Every structure is written in structure tokens, then in C-alpha cells.
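These numbers were taken from a predicted model, which means no experiment stands behind them. Computed over heavy atoms, backbone and side chain alike; hydrogens, waters and symmetry mates excluded.
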Amino acid sequence: MTDATPAAPSPAPSDFIRDIVAQHVAEKRYPQIVTRFPPEPNGYLHIGHAKSICLNFGIARENGGQCNLRMDDTNPTKEDVEYVESIMQDVNWLIGDWADHCLGFKAHGQTPVTVSVNGQPDFQIPAHFPAREKSVALEPFFASDYFDQIFEYAVALIKKGKAYVCDLSPEDTDKYRGAPDKPGTDSPYRNRSIEENLDLFMRMKAGEFPNGARTLRAKIDMSLPNVWLRDPLLYRIRHTAHHHTGDKWCIYPMYDFAHCLSDYIEGITHSICTLEFEVHRPLYDWILENLGLPRPLPHQYEFAKLIPSHMIVSKRKLIHLVNEKLVSGWDDPRLPTISGIRRRGVPACALRRFAIGVGVTKFDSMTDIAVYEHAVRDELNSIALRRLAVVDPIKVVLTNIPAGETIEVDAVDNPQSETPTTRKVPFTREVFIEREDFAEVPPPKYFRLKPGGEVRLKYACIIKCDEVVKDAAGNVVEIRCTADLDSRAGGPNSGKKVKGTIHWVSAAHAIDAEVRLYDRLFTAAEPDAGGDFTKNVNPKSLVTVTGKLEPSLAFATQEQRFQFERLGYFTLDSKDSAPGKLVFNRTITLKDTWAK
RNA sequence: UGCCCGAUGGUGUAAUGGUAGCACAGCAGAUUCUGAAUCUGUUUGUCUAGGUUCGAUCCCUAGUCGGGCAGCCA
């Protein structure tokens, strides 16, 4: 992409989960460390998922293990293949060449096989690695591929007298569950015979009952303080086609039943999830332990999810922004979705560094968006090609340069590079500068161009402002200056110091491009703190202008990252840009420490 | 008013019985053909009360505050 050196890799992270994994590795508890990233395909991945992805894949790569991508698709009424596609794309982009070698997939269409472990039947599913098995048709794991096996496990639980079919209505099920501070009541169907339970469960599967008529429940204890242990539902009836299994099933396992078993079947060792699942852990363990499984069991570990300031990550609110057309879609560059972040021009490496850098703890906290922005700037600073572009142009005429003369000046592509390269930029009598870089009545400590003042045109020479031309309304339309050609690089006055250096582009050579100036979507640190988060939408989160760009930018490619000098970092828009009709997105501004 | 989890500068985190450190943000200065980057310096912290100990951010007890849990969602 560029010859610039990427930012140095951060030291290996350490946190309480990695400590646990390290201990397990030391005691050789598992043959290999296997984690998983299990999104439900019912929405787009966002920056919060990025933290989870980096944690799970990070642990896998640090331990020579693997991390399975698994669609947690046990609820057909909410899920869709559209999301499966976007999730795969986002994960692939994020882990890039950082952890792609750990990415676990399965053979296309593969479902678990029955094997014998210690003389006991066992379900397993072999993993494949798209990074090194390119000729094989592979796909992510799907919890729905295990429906047959999960059903078998349910039958096993029934046979052990540890699960029963319950006829309570949804409302009654709620009532019988009690409350956190009040014990529940046993279901009247709790003590059905194993035979009756088996018969009823088979008939549930066969589609004999309508939605909501019956459920399969674990038989635990209705008086336990943890409500998730009060005979939790294992299966519900849903006469709905599934995006992956079609109309094969009309009963679907609940998250709690499917998740631990999916983990087990895939041979997951460390099942890492967010804090709200902490109270589910006893159930996760109960199911696995009561099935008498022959292999080592996976265990669940919880961490606090990422809460970034100035962003909204709630799926419901994200959908609202999309549906109300407050943004252009799920990949709007202002959204904290991974697709939006990617389209904005943020390198995967920068997102990763942020997601890893925030750390892993067990307490909720809000991460200042400035930390994210710093990670983005820092990465971009080291890789972005410097270019000259003017976003709000005003014409400057250099009266002592003849019309028609073109002076080629050398401009550095990236001063951060160990071996900086240069390019030629045309410099002529008429140039555009940024309107902001001229002040007829300058505030104190204003370093830029002012009447009678001098400023350096970067890579070219120092100019002096002689005259300000205004229109009838008093607006400045042109600035007339004298160029000190001896102050060019290598010239006798090249060492002359002026306080300000500004960017410019030759009017005759400039190319026009649409430039989308993106800013934070929300002005408030906690957009939804005061009720209606849409009230906090930043009206200037997108300002579209026509910019004047240096001619070399006509050949910009999608992969390149640019710094428009003194303005910020820019990237071609992946959707709307076309040759001859360029569209640039501002990823982020440069840090601005000049007190306004 | 049940159970579970947690609490370190403005923010995010490290220190697992022995000098409270790092990053971001802030401030001051140096430097600069980007008011960027870089460099230097710097302000601000262990929730409270007891206990154990030569010594406690760390272990124990109580309190305070915060979060989570009562979907046939995940």
C-alpha cells in the first residue's frame, strides 16, 4: 500500500481471562485452546463486537489455538442470511492477517458426526481453516447445524428424569416463575412420567401443537434464588422456517440449551461472553454436567462489554437511525458498525489496537471516544500518503509569476517513513488556499495569511499578501500576493522562517471531488442519557463540499489512505466513488490544538 | 425489601502482601515547511469504617455506591 512503516505492535495484553487461560495452558488442561465468536445473525456487527472478536481471536492466536466463527441462530423469527454475509465480511476484515490463521470454519454442509470417546457415543464436528484450505468449500459454524444433536441431548435429559414437557401458557409460566425475591411454584406438569414426556416431546417435534402450547423445561428447582435455574425453558414451539435449516423444524432450542451444547460439540474450551450472562453460568454448567458427557467440558467466562462515549451501539437504536433515515444505512460512515467504520476509512489495525487497548475487566465503564480517535490517528499518521487538497477554496494570485508558467515542486509522500519518497506538484500563478487560512482582521496569535503578512505555501515558497479583492457585498473573492521564489527549497532564502505554513493547490491543475466531512454522530458523551438520543445527533456530522485536489489524487485507489495536509485523513468512499467522479470520506481530522 | 457481580486520577486500566505505574485527555515548554507528528516536564487516584499483618489497592467483616437477573430474545 505505502512504503511507510506501520505502527509498532503493542505488547501482548494481559487480563483476568488471559490469566485463567495461561494457567490452563500451564497445567495442560486441554490439548488446545479453542474459543469462539458467536454472533446472532440478526443485525450488523459494531465496535462492541470488535472487542469480543479481538478478545476471542487474540486468545486463540496467543496460544496457538483456534477461534470458531459461529452463527448463534436458534431464533428463526429474528434472523436472516443477509446478516450472515455481513458478519463474515466484517470478521474477515477485522482479523485480517492478524488472526486469520486461527479462524475456524467447517466444511460446507457439514453437520456433527457421532464418534466413540472412552466407549461412549459423542458428537463432534471437525474444524477447517479457510486461511490454509483454500480449495475446500468452507462456511462458518451454525448452531442450527446441531439441532439434531441438541434434540438428542434433550431426549437424554428426559430419559434421566431431568426434563419435562410443560403445558403452561407463556403468561402462566411467568407467574409460576415467581420473582427474584419470591420463590416460584412447581408447574402442575412437572411430574409427568418419562414415557409421557418422551411421547409429548416427539409430538412437539412432529408439529402436533401450535406455537406456545407446550415447552420442554429442565427440572431443576423452582425455589432457587437464581431465576434462570427455576426449571428454565429448553425448547419452544415455533412454526417458522429457519434461514439455514428451512422448514425441517418447528421446535427450536433456547439460547441457554443450545449455546453450551454448541460449545461442547465444537470442542470449545473457553466460552467468553459479556457480563449479563453471568447469572446464566450455573445453567450452562448444569446442562453439561447432567448429560454425563465424555470429553472435558467448556467453561464460561464473562467480561464487561465496551461502552464508547458519543456512540450508540444498541441494536434497537441503530435500527432506528437507519429506518428513520438519520443515516444512509448500516454502513453509514458515521455509525459505529464495523461496516461503517471500514467505509469511513479506519484501518482494521487501528480498530484492533483500540479494541485490545481498552482492556478486559468485570466492571462496566465508559470509554472516552478520544481513545478511539487517538488509535485511528496514530495508525493513519504512520501509513497515510500526504496530499494537498483545499476544501473551502479562495483564490490567490501570485502577481509576479507569469501566467502559463508551471513550476514543479517536490512534495514528501510521508515524512514518517524511514525512506520518504516524493512526488512533483505543479505550482502556478493562481492557486487555491483554504478560506480559513486568510484573515483580514486576524485574531491574536494568528499564524496564517493576513494583509501585509507572510506565509509559506508548503513545498513551494513564501508569499506576501499585497491586496485583498472584494465583491460588491464585501466578500473577499481574491487575494493578490507576491511570491518569494528564492525561498523555495534549495533557494537562497529557503531557510527563511515564517510563522505559518499553509496548504494550497494550483487552480489550473486542481481536480474537483466530492468531499464528505464526517464528524462525531452525537454531540453528547452519553447520547441516550437524557431520553431521546436523536436529539443529540450532531447536525454537522456530515458536511459535503466540493474540494480542489492536487492532480495526483485522480489516481487514488480504494486501499490507499491519505492525509490531506493540515485537514485530516481521507479515503475514497467504497460505494459512491468512481473514476472521474471521486468521493472522499474524511476519516478523522488532525488533532487541533490551536485555541479558537 | 432475594441472589449474583463489581468499585484505583477527568477517562480507560496495571500493580495478586513490599516505592501506586501506563495510556488517553488536560496543562507548560522545546521543536517543526502540517497550529499535526515528535520530545521534555507536569496537575489529578486506591469508596467508607473496622480487622489480620512488621507492612494492605491486594486478605477478612460490615457498610456505601454502581451494575446485572423475573423473554417461549441472545
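Between A:Asp167 and A:Arg192, at least one side-chain N (NZ, or NE/NH1/NH2) sits under 4.0 Å from a carboxylate O, which counts as a salt bridge. Residues A:Lys78 and A:Glu40 are not paired through a salt bridge, judged by the lack of any N-O separation under 4.0 Å between the basic side chain and the carboxylate. Between A:Lys362 and A:Glu278 there is a salt bridge, with a side-chain nitrogen of the basic residue lying less than 4.0 Å from a carboxylate oxygen of the acidic one. Note on A:Arg36 versus A:Glu266: no salt bridge recorded, every NZ/NE/NH1/NH2 to OD/OE distance being 4.0 Å or above.
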With 3.5 Å as the limit, what N/O pairs link the protein to nucleotides 65-69 of chain B?
from	atom 1	to	atom 2	distance (Å)
B:rG67	O2'	A:Asp364	OD2	3.1
B:rC69	O3'	A:Trp228	NE1	3.4
B:rC69	O2'	A:Trp228	NE1	3.0

Distances for protein N/O vs nucleotides 23-29 of chain B N/O pairs under 3.5 angstrom?
from	atom 1	to	atom 2	distance (Å)
B:rC24	OP1	A:His374	NE2	3.3

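Classified by interplanar angle (parallel below 30°, tilted 30° to 60°, perpendicular above 60°), the ring pair A:Phe142/A:His243 is tilted. A:Phe151 and A:Phe201 have parallel rings, their planes meeting at less than 30° on a 0 to 90° scale where 60° marks the start of perpendicular.
In B:rG71 the base sits syn relative to the sugar, since the glycosidic angle is no further than 90° from 0.
OP1 or OP2 of B:rC73 sits under 4.0 Å from a side-chain N or O of A:Arg236. Proximity of A:Lys182 to the phosphate of B:rA70: no side-chain N or O atom is located under 4.0 Å from OP1 or OP2. Note on A:Arg566: a side-chain N or O is less than 4.0 Å away from OP1 or OP2 of B:rG35. An OP1 or OP2 oxygen of B:rU13 is reached within less than 4.0 angstrom by a side-chain nitrogen or oxygen of A:Ser365. Contact between the side-chain N/O atoms of A:Arg177 and the OP1/OP2 oxygens of B:rG2 is not found at any separation under 4.0 Å. The side chain of A:Thr361 contributes an N or O atom lying less than 4.0 Å from OP1 or OP2 of B:rU13. Phosphate contact (OP1/OP2 of B:rA74, side-chain N/O of A:Thr74, threshold under 4.0 Å): present.
B:rU40 and B:rU31: their C1' atoms are spaced 11 Å apart (whole Å). Across B:rU38 and B:rA25, the matching P atoms stand 10 Å from one another, rounded to whole Å. With both ends at atom C1', the span from B:rU61 to B:rU42 equals 41 Å, rounded to whole Å. Between the C1' atoms of B:rG12 and B:rA49, the separation comes to 29 Å (whole Å). Rounded to whole Å, the separation between the C1' atoms of B:rU32 and B:rC39 comes to 11 Å. The separation of B:rG17 from B:rA70, taken at their C1' atoms, amounts to 42 Å, rounded to a whole angstrom. Remark: the separation of the C1' atoms in B:rU48 and B:rA14 is 24 Å, to the nearest Å. One C1' atom belongs to B:rU64, the other to B:rA74, and the distance between them is 34 Å to the nearest Å.
To the nearest angstrom, C1' of B:rU32 lies 18 Å from NZ of A:Lys496. At whole-Å resolution of the value, NE2 in A:His243 and C1' in B:rA74 are 13 Å apart. Look at CG on A:Leu385: it is 19 Å from P on B:rA37, rounded to the nearest Å. Atom CG in A:Leu234 sits roughly 12 Å away from atom P in B:rA74 (whole-Å rounding). Computed from coordinates, the A:Lys315 NZ to B:rC73 P distance equals 15 Å when rounded to whole Å. The interatomic distance linking A:Ile220 (CD1) with B:rA70 (C1') rounds to 15 Å, in whole Å. The interatomic distance linking A:Leu590 (CG) with B:rU38 (P) rounds to 11 Å, in whole Å. One interatomic measurement links the two molecules: CG of A:Leu567 to P of B:rA37, which rounds to 15 Å at whole-angstrom precision.
Note on A:Arg386: a base of the nucleic acid sits closer than 4.0 angstrom, heavy atoms only. Contact annotation for A:Pro415: base contact, defined as any heavy-atom pair under 4.0 Å involving a base atom. Looking at heavy-atom distances under 4.0 Å, A:Ala304 makes no contact with the nucleic acid at all. When heavy atoms are screened at a 4.0 angstrom cut-off, A:Asn211 is found touching no nucleic acid atom at all. If you check every strand for non-hydrogen atoms under 4.0 Å, A:Tyr569 touches nothing. Heavy atoms of A:Ile307 sit nowhere under 4.0 angstrom from any nucleic acid atom. Here A:Glu373 lies out of heavy-atom contact (under 4.0 Å) with every strand. If you check every strand for non-hydrogen atoms under 4.0 Å, A:Gly359 touches nothing.
Counted by atom type alone, A:Ser552 and A:Arg387 present one or more donor-acceptor pairs between their side chains at under 3.5 Å. No side-chain donor from either of A:His503 and A:Arg386 sits under 3.5 Å from a side-chain acceptor of the other.
With respect to A:Ser487, the side-chain contact (heavy atoms from CB on, under 4.5 Å) criterion is satisfied by exactly one of A:Val498, A:Ile463, A:Ile462: A:Ile462.
Between the side chain of A:Arg423 and the backbone N or O of A:Val412, at least one donor-acceptor pair lies under 3.5 Å. In terms of modelled atom types and a separation under 3.5 Å, the side chain of A:Glu550 and the main chain of A:Leu388 share a donor-acceptor contact.
Here the nucleotide nearest the side chain of A:Lys362, chosen from B:rG35, B:rG71, B:rG6, is B:rG6. Among B:rG2, B:rU38, B:rG71, the nucleotide with an atom closest to any side-chain atom of A:Asp378 is B:rU38. Residue A:Phe363 has its side chain nearest to B:rG6 when only B:rG2, B:rG6, B:rA36 are considered. With distances taken from any side-chain atom of A:Asp181 to the nucleotides B:rC33, B:rU1, B:rG35, the minimum falls on B:rU1.
Across all strands shown, B:rG17 forms no Watson-Crick or G-U wobble pair with both key distances under 3.5 Å. In a base pair of the Watson-Crick type (N1 to N3 plus N6-O4 or O6-N4) or a G-U wobble (N1-O2 and O6-N3), with each distance short of 3.5 Å, B:rC33 is matched with no nucleotide. The nucleotide B:rU64 finds its pairing partner in B:rA7, both defining distances of the Watson-Crick or G-U wobble pair being shorter than 3.5 Å. Pair assignment for B:rC73 gives none, since no Watson-Crick or G-U wobble pairing has each distance under 3.5 Å. With a 3.5 Å ceiling on both atom-pair distances, B:rG55 lacks any Watson-Crick or G-U wobble partner. Base-pair partner of B:rG26: B:rU42 (Watson-Crick or G-U wobble, both distances under 3.5 Å).
A:Leu567 is listed as a side-chain neighbour of A:Glu434, based on a closest heavy-atom distance under 4.5 Å.
Under the stacking definition used here (centres under 5.5 Å, planes under 30°), the residue A:Phe447 qualifies as stacked on the base of B:rG35.
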Under 3.5 Å donor-acceptor pairs involving side-chain atoms of residues 175-184 of chain A, not counting sequence neighbours:
from	atom 1	to	atom 2	distance (Å)
A:Arg177	NH2	A:Asp174	OD1	2.4

Please assess A:Lys424 against A:Asp410 for the test side-chain contact (heavy atoms from CB on, under 4.5 Å), listing each intermediate value before the final yes or no. CA-CA 5 Å; A:Lys424 298 287 187 193; A:Asp410 290 311; 2.8 Å; yes
